[in-house]
Amino acid sequence: MILSDEAIISFLQISSVPYEENIHLSAKTWIKRGGIGRFFIMPKDMEQMKTVVKYFLQNKTPFHVVGATSNIYIQNTCDLHIVISTLNVDQEEEFDDYVICGCGVNVTGLSRKMVKNGYVGYEGLVGLPGTIGGAIVNNSSAFGYSVCQMSKEIYCIDENGNDLVLSSDDLKLTAHSSAIKTKENRCIVVGAKLLKKKGSVEDLKSKSEKYQKQRASLQHEIAMTLGSCFYKLSKSTLLTILLTVRFLTRKTIKIFCSKKVQEKRLERTLFYTLSGYHDLARYVDIIQPNCFIWRDEKADDVFFRQYLPFMKKYYKAEDLEIEIISDDKI
Ligand SMILES: Cc1cc2nc3c(=O)[nH]c(=O)nc-3n(C[C@H](O)[C@H](O)[C@H](O)COP(=O)(O)OP(=O)(O)OC[C@H]3O[C@@H](n4cnc5c(N)ncnc54)[C@H](O)[C@@H]3O)c2cc1C
């Protein structure tokens, strides 16, 4: 039997777990989307995270665990009953050869520190948004680096509410996914033991700077995007035709436009108008078609009505990398 709201409140208060009731999820999520969250629970550390997760699992009451929500699109029409945010489970405990991180530790912050202190394996992860927990579940990676490959032990709670220690091999990792993401393994990550291996500070700093520059050149807008929307893109014949037309018009536009910015804007408008999806010019990243920008209120409609069909037609994009939550079904 699912727990009553009164029982949940009583448990949270007795256990001194910080929580809010009936909040607008749009105030808490990366792309400012989502309906009402009946309970928004923010455990303070790994121990409290374990207590909270075990309580709901043992009482067979469904819940959502979220990190920085940099890969989740909760629709505005979607109200969620119980959301557990890991953002305050952000403690780090340093040892000689490893660091124990709570699931809410910020990946960029940790990686920056590792680079500064001369530990290898994190140089490509500066600039990757989100938490350690989210990065493990999503097997997030950049420039050949990933949190999973640095994880020696992953501390989890299994679906029956028992403590479990996993290795990255147990996660059956694939590109940007894991057995936890596919729900083959219904674990909640509470923390991880990450390796510290000495390298040259100068070398790591220069690599990290190079990757950050590369990231900046690929990503123009960080706020209000979820990174890549699809796992795999490939060019359709239609896209090749469209790109050829764009190339020819670019040359023409250059003759009439003196300013580079105007040139780009005009080129984009023309490109999406020719494709039959003219609204997209405002909502798709200028370089990365795989990156949608939830810029304003109209974006939700544009995403479903124009972006998804456009990506399917021109880029043969089928499988979403981002997670869309449209109702409170776990
Ligand atoms: C600008 C931008 C750039 C990006 N660049 C990259 C990139 O280079 N490479 C890349 O791989 N990704 C990238 N992403 C995607 C995203 O940042 C990563 O997937 C990130 O690791 C998600 O972390 P999060 O804390 O935001 O997770 P969330 O989005 O909050 O959650 C992701 C999933 O993990 C689950 N989850 C979160 N924490 C836990 C936990 N503790 N236990 C169990 N389940 C949990 C959630 O339920 C959800 O299913 C980018 C996103 C943005 C916005």
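Whatever order the structure lists ligands and atoms in, that order sets their numbers, starting from 1.
For Glu153, the side chain to side chain donor-acceptor pair (under 3.5 Å) criterion is met by Tyr155, not counting sequence neighbours. With sequence neighbours excluded, no residue satisfies side chain to side chain donor-acceptor pair (under 3.5 Å) with Thr77.
Judged by the 6.0 Å and 45° rule, Lys193 forms a cation-pi pair with Tyr98. A cation-pi arrangement is present between Lys198 and Tyr119, with the terminal nitrogen or guanidinium carbon under 6.0 Å from the aromatic centre and inside a 45° cone about the axis.
At the top of the distance list for atom 25 (O) of ligand 1, counting protein heavy atoms only, stands Thr131 OG1, 2.6 Å. Counting only heavy atoms of the protein, atom 19 (O) of ligand 1 lies nearest to Asn138 ND2, 2.9 Å. Nearest to atom 41 (N) of ligand 1 among the protein's heavy atoms is Val189 O, 2.8 Å. Taking atom 29 (O) of ligand 1 as the reference point, the nearest protein heavy-atom neighbour is Asn71 N, 2.9 Å. When only non-hydrogen protein atoms are considered, atom 48 (C) of ligand 1 lies nearest to Glu323 OE1, 3.2 Å. Shortest contact from atom 5 (N) of ligand 1 to any protein heavy atom: Arg215 NH1, 3.3 Å. Closest to atom 7 (C) of ligand 1 among all protein heavy atoms lies Leu128 CD1, 3.2 Å. For atom 34 (O) of ligand 1, the closest non-hydrogen atom of the protein is Val137 CG1, 3.5 Å.
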Show the numbers, then the answer: is there a salt bridge (Lys or Arg N to Asp or Glu O under 4.0 Å) between Lys232 and Asp319? CA-CA 7 Å; Lys232 217 174 94 199; Asp319 300 321; over 6 Å; no
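Taking a cut-off of under 4.0 Å to the non-hydrogen atoms of Gly227, the atoms of ligand 1 that pass are 2 (C), 50 (C), 51 (C), 52 (C), 53 (C). For ligand 1 and Ser140, the ligand atoms under 4.0 Å from any heavy atom of the residue are 10 (C), 11 (O), 18 (C), 19 (O), 20 (C), 21 (O). The contact set between ligand 1 and Ser141, taken as ligand atoms under 4.0 Å from a residue heavy atom, comprises 7 (C), 8 (O), 9 (N), 10 (C), 11 (O). Atoms of ligand 1 lying under 4.0 Å from any heavy atom of Gly130, numbered from 1 in the order shown and given with element: 23 (O), 24 (P), 25 (O), 26 (O). Each of the atoms 21 (O) of ligand 1 lies under 4.0 Å from some heavy atom of Ala135. Short contacts between ligand 1 and Ser70, defined as distances under 4.0 Å to a heavy atom of the residue, involve ligand atoms 16 (C), 17 (O), 20 (C), 22 (C), 23 (O), 24 (P), 26 (O), 29 (O), 51 (C), 53 (C). Applying the 4.0 Å criterion to heavy atoms of Thr69 picks out, from ligand 1, the atoms 26 (O), 28 (P), 29 (O), 30 (O). Counting the atoms of ligand 1 from 1 in the order shown, those under 4.0 Å from a heavy atom of Thr225 are 1 (C), 53 (C).
In summary, the aromatic rings of Phe292 and Tyr307 are positioned with their centroids under 6.0 Å apart. Aromatic ring centroids of Phe63 and Phe39 lie 6.0 Å or more apart.
For atom 36 (N) of ligand 1, the nearest non-hydrogen atom from the set Val190, Val65, Thr86 comes from Val65.
By the criterion of a heavy-atom distance under 4.0 Å, neither the backbone nor the side chain of Lys181 is placed next to ligand 1. Only side-chain heavy atoms of His176 come within less than 4.0 Å of ligand 1; its backbone N, CA, C and O stay farther off.
Ring orientation note: the planes of Phe303 and Tyr73 are nearly perpendicular, at an angle over 60° on the 30°/60° scale.
No more than 12 heavy atoms of other residues, nucleotides or ligands shown are found within 6.0 angstrom of CZ on Phe247. Environment of NZ in Lys172: sparse, with no more than 12 heavy atoms of neighbouring residues, nucleotides or ligands closer than 6.0 Å.
For the side-chain contact (heavy atoms from CB on, under 4.5 Å) with Asn139, the qualifying choice from Ser177, Cys148, Ser168 is Cys148, the only one to do so. Partner of Tyr272 under the ring-ring contact (aromatic ring centres under 6.0 Å, His included) criterion, chosen from Tyr314, Phe310, Tyr277, Tyr283: Phe310.
Looking at ligand 1, you'll find an N or O of Ala68 within less than 3.5 Å of one of its N or O atoms.
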